[in-house]
Amino acid sequence: TFPFAQRLDNVETSAIRELFKLLGKPGIISFAGGFPDSAMFDLHGITEAVNKALIDEPGAALQYGATEGYQPLREQLAAFMQSKGAQVAADQLIVTTGSQQALDLLGKCLVDPGSKAIVEGPTFLATIQCFRLYGAELISAPIDGEGVQVDQLERLITEHKPKFVYLIPTFGNPSGAMLSLERRKRVLELAVKYQTLIIEDDPYGDLYFDAPPPPSLLALSAQVPGSRDWLVHCGSLSKVLSPGLRVGWMVAPPELLAKATMCKQFSDAHTSTFAQATAAQYLAGGHMPGTLARVRAVYGERAKTMGDALRNDLGAEIDFVQPQGGLFVWARLTGAGGKIKDGNEFAKRAIAEGVAFVPGAPFYCANPDLSTLRLSFATADEGKIREGIGRLAKALG
């Protein structure tokens with residue numbers, strides 16, 4: 001046996017990755033992944049950006065770069081966030097290799113073995129794994145259709161005095177929940193009142209279907225004096241442009257940003273300069289508004305199709321909130337009519353019927369709701385969605 005680090009005892013292989021091993025069956029319809037649809041990638045715009053990056057600044061695009069990020073991209077990302085109401089300067093953010101690296105850097109900078117941190121229940125599975133890898137003791141804050149329940153969050157902050165609180169306020173993974181404007185302001189007020197760091201993870205905020213969501217916590221921080229000092233914002237181009245570019249970013253208080261930059265130096269020196277130059281040219285070329293309009297329209301129709309099919313085919317046997325954006329439907333088996341109520345068992349039956357989803361239990365750091373499940377509508381067209389939900393109804397019995 002290899003002398004593995006003891007911290008590996010705190011984590012295990014992703015349940016989602018393990019599920020993918022079962023998806024080789026011909027004809028299976030998958031609602032399991034959290035991926036954007038590759039058919040939505042703007043190949044023309046990305047090709048134009050690649051060529052322009054190599055023509056305009058080939059040395060910068062192909063050479064080592066600054067750990068903080070390629071300066072033209074930092075400027076474009078700052079402008080992108082300013083267009084959404086967040087006052088951000090280029091030197092207030094670093095470019096990360098996907099927003100997931102930002103979470104890893106925060107784990108390195110903030111978590112000691114036994115450090116307490118509050119996360120939503122449920123929350124992004126990789127976040128649970130990342131923070132546990134560094135020895136965090138995770139506390140679950142309950143959520144509902146309007147996001148984290150702020151009264152419960154305040155109780156947990158006063159009781160546990162955590163190093164930080166991690167939230168996905170807008171179309172969370174897996175919940176799809178959208179934190180209300182009132183609750184967003186209260187979260188920022190709690191940050192100031194208890195001097196507790198809030199980490200806002202926002203990979204889905206641009207994927208709204210009808211009305212835009214409330215402003216990000218970062219944008220709202222200007223209305224709550226002192227809250228910017230206790231706020232980290234993580235963003236990503238993975239869900240709206242291309243996950244393969246691995247371009248994310250982090251905005252944080254200066255002292256924390258400096259420590260994260262130092263840790264990034266040890267990890268990968270810098271995010272791919274070629275990917276950064278491509279992303280910078282794409283944003284500078286004005287492609288993003290058209291891309292966002294297309295993906296919002298497509299995902300919005302798919303979300304509606306899935307919601308309608310669930311209501312028609314499963315009826316009282318399943319409960320969910322119709323998502324207003326993002327990539328997921330978060331649902332709960334009700335057990336109505338004596339039907340199955342266990343998400344893990346239902347997942348096995350569904351695979352046998354040729355359809356896959358992710359049972360909800362792994363998304364909880366504690367006290368999992370075994371009746372829950374996550375369905376992604378992003379990568380299946382409307383016909384496949386209707387067929388797949390029909391198969392789920394058959395699996396439910």
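- Salt bridge status for D308 with K304: present, with a side-chain N to carboxylate O gap under 4.0 Å.
- Both F4 and V11 belong to a common hydrophobic cluster when Ile, Leu, Val, Met, Phe, Trp and Tyr are linked at side-chain heavy-atom distances under 4.5 angstrom.
- No side-chain N or O of Q129 forms a donor-acceptor pair with one of R132 less than 3.5 Å apart.
- A distance-only check finds no donor-acceptor pair linking the side chain of E137 to the backbone of S115 [under 3.5 Å].
- Taking the side chain as every heavy atom from C-beta outward, I157 and P162 approach each other to under 4.5 Å.
- The nearest pair of heavy atoms linking V148 to L179 is N-CD1, 3.6 Å.
- Between the side chain of K339 and the main chain of G397, a donor-acceptor pair closer than 3.5 Å is present.
- Note that CD1 of I46 is 5.0 Å distant from OG of S242, once rounded to the nearest 0.5 Å.
- Atom CG of D9 has more than 12 heavy atoms from other residues, nucleotides or ligands within 6.0 Å.
- Using modelled atom types and a 3.5 Å distance limit, the side chains of S140 and Y364 yield no donor-acceptor pair.
- Checked by atom type and distance alone, the side chain of R186 never pairs as donor or acceptor with a backbone atom of L181 at under 3.5 Å.
- A side chain to side chain contact (heavy atoms under 4.5 Å, CB included) with T123 holds for exactly one of L167, L138, I168; it is I168.
- Ionic pairing of D91 and R74 is not present here: no N-O contact between side-chain nitrogen and carboxylate oxygen is shorter than 4.0 angstrom.
- Here the side chain of S227 pairs a donor or acceptor atom with the backbone of S221 at under 3.5 angstrom.
- Residues passing the side-chain contact (heavy atoms from CB on, under 4.5 Å) test with A309 are I389, sequence neighbours excluded.
- The side-chain heavy atoms of C109 and C263, taken from C-beta on, include a pair separated by under 4.5 Å.
- Annotation for T67 and T261: closest pair CG2-O, 3.4 Å, computed over non-hydrogen atoms.
- Under the 4.5 Å side-chain contact rule for hydrophobic residues, L256 and V111 share a cluster.
- Between V298 and F209, the closest side-chain pair of non-hydrogen atoms is not below 4.5 Å.
- Both L396 and M306 are members of a single hydrophobic cluster when ILVMFWY side chains are connected at heavy-atom separations under 4.5 Å.
- A distance below 6.0 Å separates the ring centres of F346 and F357.
- Note that OG1 of T127 and CD1 of I199 are 9.0 Å apart. Values are rounded to the nearest 0.5 Å.
- The heavy-atom pair separating A61 from T273 by the smallest distance is O-OG1, 3.1 Å.
- Using a distance-only test at 3.5 Å, with no hydrogens or angles considered, a donor-acceptor pair links the side chain of R183 to the main chain of G147.
- By the 6.0 Å contact criterion, NZ on K84 is enclosed, its count of non-hydrogen atoms from other residues, nucleotides or ligands being greater than 12.
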Practice problem: Show the numbers, then the answer: is there a side chain to side chain contact (heavy atoms under 4.5 Å, CB included) between D201 and S99? | Solution: CA-CA 8 Å; D201 197 3; S99 61; 4.1 Å; yes

Exercise. For side chain to side chain contact (heavy atoms under 4.5 Å, CB included), just list the numbers for I340 and R349, CA-CA rounded to whole Å, side-chain angles, deciding distance to a tenth of an Å, and then say yes or no.
Key: CA-CA 10 Å; I340 187 172; R349 293 190 189 182; 3.8 Å; yes

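- Applying the side chain to side chain donor-acceptor pair (under 3.5 Å) rule to T291 yields the partners Y282, R294; only residues at least two apart in sequence or on another chain are considered.
- There is a path of hydrophobic side-chain contacts, each under 4.5 Å, that joins M40 to Y204.
- Nearest approach of S30 to A32, heavy atoms of both residues: OG-N, 3.1 Å.
- The ring-ring contact (aromatic ring centres under 6.0 Å, His included) with F164 is formed by just one residue from the set Y194, W230, F131; it is F131.
- Side chains of Q92 and R228 form a contact here, defined as non-hydrogen atoms less than 4.5 Å apart.
- The backbone N or O of S216 lies less than 3.5 Å from no partner atom in the side chain of E200, so there is not a single donor-acceptor pair.
- In this structure, a donor-acceptor pair under 3.5 Å is present between the side chains of Y70 and E57.
- Note on V321: it does not cluster hydrophobically with V150, by side-chain heavy-atom contacts below 4.5 Å among ILVMFWY residues.
- Counting heavy-atom neighbours within 6.0 Å of K116 NZ, excluding the residue itself, gives a total above 12.
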Quiz prompt | Worked verdict on L103 versus C234 for side chain to side chain contact (heavy atoms under 4.5 Å, CB included) | solution = CA-CA 8 Å; L103 301 179; C234 303; 4.3 Å; yes

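- By the 6.0 Å contact criterion, CZ on R311 is enclosed, its count of non-hydrogen atoms from other residues, nucleotides or ligands being greater than 12.
- Within 6.0 Å of atom CD in E255, 12 or fewer heavy atoms from other residues, nucleotides or ligands are found, so the atom counts as exposed in its surroundings.
- In E182, the CD atom is not crowded: 12 or fewer heavy atoms of neighbouring residues, nucleotides or ligands sit closer than 6.0 Å.
- The backbone N or O of P203 lies less than 3.5 Å from no partner atom in the side chain of K239, so there is not a single donor-acceptor pair.
- Annotation: cation-pi pair R296/Y208 present, NZ/CZ under 6.0 Å from the ring centroid and within 45° of its normal.
- A donor-acceptor pair under 3.5 Å is absent between the side-chain atoms of S175 and the main chain of F171, judged by distance alone.
- No side-chain donor-acceptor contact under 3.5 Å links S376 to the backbone of F328.
- Between L190 and L153, the closest side-chain pair of non-hydrogen atoms falls below 4.5 Å.
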Self-check item: Worked verdict on L245 versus L241 for side chain to side chain contact (heavy atoms under 4.5 Å, CB included)
Solution: CA-CA 8 Å; L245 286 176; L241 180 56; 3.7 Å; yes

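- Summarising the local packing, NZ of K108 is surrounded by more than 12 heavy atoms from other residues, nucleotides or ligands at distances under 6.0 Å.
- The shortest distance between side-chain heavy atoms of W330 and F363 falls below 4.5 Å.
- Between the side chains of D104 and Y134, at least one donor N or O lies within less than 3.5 Å of an accepting N or O.
- T97 and D268 are linked by a side-chain donor-acceptor pair at a separation below 3.5 angstrom, with hydrogens and angles left out of the test.
- Side-chain atoms of R184 come within 3.5 Å of backbone atoms of P215 as a donor-acceptor pair (strictly under, hydrogens ignored).
- Between the side chains of T271 and K264, at least one donor-acceptor pair of N or O atoms lies under 3.5 Å.
- Remark: K384 does not engage D381 in a salt bridge, criterion side-chain N to carboxylate O under 4.0 Å.
- Shown here for I94 and A260, the closest heavy-atom pair between the two residues is CD1-CB, 4.2 Å.
- A78 approaches L93 most closely through the heavy-atom pair N-CD2, 4.0 Å.
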